[in-house]
There are 2 protein chains.
Amino acid sequence: MSEPSLPEQIANELRRDILRGTLVPGAPLKERDRALEMGVSRTPMREAIRILSQEGLVVLRPARSPLVADPPLSDIMDHVIVLRALEELSGELACTNATEEDLDKLRAINAKFESEFYTADRLVSFETDMSFHMAIARASHNHALADTHRSFLARLWRARFLTSTRRRNRQTVLEQHAALLDALCRRDRAALKTAFDAHLGHLADDIRKVFEKEQT
Amino acid sequence: MSEPSLPEQIANELRRDILRGTLVPGAPLKERDRALEMGVSRTPMREAIRILSQEGLVVLRPARSPLVADPPLSDIMDHVIVLRALEELSGELACTNATEEDLDKLRAINAKFESEFYTADRLVSFETDMSFHMAIARASHNHALADTHRSFLARLWRARFLTSTRRRNRQTVLEQHAALLDALCRRDRAALKTAFDAHLGHLADDIRKVFEKEQT
DNA sequence: CAATGGTTTTTGGTATACCAAATCTCGAAA
DNA sequence: TTTCGAGATTTGGTATACCAAAAACCATTG
């Protein structure tokens with residue numbers, strides 16, 4: 001296993017800052033200053049910013065500083081719609097293509113998620129949440145699908161992170177994950193689709209609520 | 001409307017070369033040499049190569065020359081599967097969201113496609129084909145979906161280009177486009193889905209054939 | 001005091017220089 | 001003759017220098 005390249009490391013660093021709120025939406029990302037304070041040159045910093053722009057976390061403007069993305073609610077909802085389609089396709093394919101190993105991995109991740117539930121740190125439990133969904137996508141054994149799915153998860157990272165604040169939500173998520181896992185193990189397409197719809201419908205509602213609250 | 005940036009221009013240039021076959025799959029893309037012979041510096045050439053790698057036309061290797069992509073058939077089929085899901089979702093959303101202007105644009109593109117049918121140049125008629133599909137995706141009024149869809153079309157560009165060789169195929173494509181347009185104008189979800197299935201099923205078969213022929 | 005125009009500063013885009021890792025070459029040794 | 005390794009070379013990764021466009025600032029003027 002090779003360690004991530006320098007631009008990727010920088011991108012990870014910036015991503016964390018964005019998700020944690022150190023870098024607020026709409027803030028400019030001056031590549032020169034940022035490179036200086038991180039002790040790297042502009043070139044890899046530049047590439048890191050491109051990576052984040054591809055993930056939708058920053059927006060590029062011609063001849064201007066890149067900005068930390070601050071997408072309108074409609075944009076996020078568009079992403080949720082596509083994510084739902086991708087996850088349902090993943091599930092459908094996984095029902096026929098998933099191996100026992102795939103399922104074991106999923107069970108392991110789910111167990112990890114449940115055990116982490118009380119240990120608090122949101123970012124950690126959140127990353128486990130992500131990896132659960134990514135593991136389902138990978139179980140489809142469709143590489144293109146898994147990649148695209150991962151990209152959409154990344155784009156929704158911030159919005160989902162904000163909704164994961166409330167403990168009540170996390171409890172619901174726990175149950176929904178169990179439903180997903182169960183349906184997949186039984187290779188029950190219909191049940192899996194239903195579970196995804198519930199999970200993502202819930203997500204859409206939560207995001208809407210967070211936005212309304214932010215409005216004040 | 002602003003002109004494309006230098007990296008984009010370079011990427012377009014390289015893309016054409018790859019599609020036309022000037023750059024064969026598996027060939028290395030030495031950024032230094034390529035930049036020199038195009039009269040630009042390595043920096044924008046580097047970015048152009050990143051763009052193409054994101055489109056799947058070239059593959060990056062750590063500490064090695066990037067290569068013109070030569071994906072196995074299974075990879076391409078994976079992409080076709082996802083593309084189908086994306087187009088069906090586009091159609092479904094377009095049935096409710098498309099405006100009359102959207103439909104007019106589609107009719108115009110389709111007319112252009114039909115008229116170009118006999119004027120030969122494959123690359124031109126091929127680009128019109130692409131723009132027809134992209135217009136449907138745009139009619140969904142889901143920006144994220146349209147973007148992702150475009151990216152998948154780009155990744156399948158080469159494979160689809162190869163299958164567009166035979167005139168017979170192009171005739172069929174003509175009819176299938178008409179069916180798509182008709183279903184969308186009637187806002188008939190089911191018919192649209194059927195038409196997409198036919199269109200993309202056909203594409204999958206064609207690609208398979210081209211690959212089998214290439215094997216020799 | 002407000003508006004305007006020109007100058008300075010900031011900032012991203014591009015070119016170039018330097019470095020380190022991977023590869024290739026070719027000769028020496030078994 | 002074959003194999004192996006040291007040095008030369010190729011090549012991508014990174015740092016730095018230069019440039020042009022945009023913005024901010026300020027002085028001048030009505």
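- A heavy atom closer than 4.0 Å to some atom of DNA chain D occurs in B:Leu29, B:Lys30, B:Glu31, B:Arg32, B:Arg42, these being the qualifying members of residues 27-45 of chain B.
- Identified under the ring-ring contact (aromatic ring centres under 6.0 Å, His included) test for residues 50-91 of chain A, with sequence neighbours left out: A:His79-A:Phe152.
- The nearest whole Å value for the distance from the CG atom in B:Leu6 to the P atom in D:dC19 is 18 Å.
- Across residues 47-61 of chain B, B:Arg50 each have a non-hydrogen atom less than 4.0 Å from an atom of DNA chain D (numbered order).
- For B:Asp197, the side chain to side chain donor-acceptor pair (under 3.5 Å) test picks out B:Arg84, with sequence neighbours left out.
- Applying the ring-ring contact (aromatic ring centres under 6.0 Å, His included) rule to pairs touching residues 15-41 of chain A yields nothing, sequence neighbours excluded.
- Annotation: salt bridge (Lys or Arg N to Asp or Glu O under 4.0 Å) contacts involving residues 143-155 of chain A, sequence neighbours excluded, comprise A:Asp147-A:Arg150.
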Table of protein N/O atoms under 3.5 Å from nucleotides 21-23 of chain C N/O atoms:
from, atom 1, to, atom 2, distance (Å)
C:dT23, OP1, B:Arg64, NH1, 3.3

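- Between the CD atom of A:Glu8 and the P atom of D:dT14 there is a distance of 10 Å, given to the nearest Å.
- Among residues at least two apart or in separate chains, there is no ring-ring contact (aromatic ring centres under 6.0 Å, His included) pair with a member in residues 19-47 of chain B.
- A donor-acceptor pair under 3.5 Å is absent between the side-chain atoms of A:Asp78 and the main chain of B:Ala144, judged by distance alone.
- A search for side-chain contact (heavy atoms from CB on, under 4.5 Å) contacts involving A:Asp102 returns A:Ala98, A:Thr99, A:Ala139, A:His141, not counting sequence neighbours.
- When rounded to the nearest whole Å, the span between CD of A:Gln9 and P of D:dG13 equals 14 Å.
- Applying the side-chain contact (heavy atoms from CB on, under 4.5 Å) test to B:Ile207 and every residue at least two apart in sequence or in another chain returns B:Leu73, B:Ile76, B:Met77, B:Val80, B:Ala159, B:Thr163, B:Leu203, B:Phe211.
- Within the structure, the salt bridge (Lys or Arg N to Asp or Glu O under 4.0 Å) test picks out the following pairs touching residues 25-34 of chain A (sequence neighbours left out): A:Glu31-A:Arg42, A:Glu31-A:Arg46, A:Arg34-A:Glu37.
- Sorted by first and then second residue, the ring-ring contact (aromatic ring centres under 6.0 Å, His included) pairs involving residues 19-39 of chain A (not counting sequence neighbours) form an empty list.
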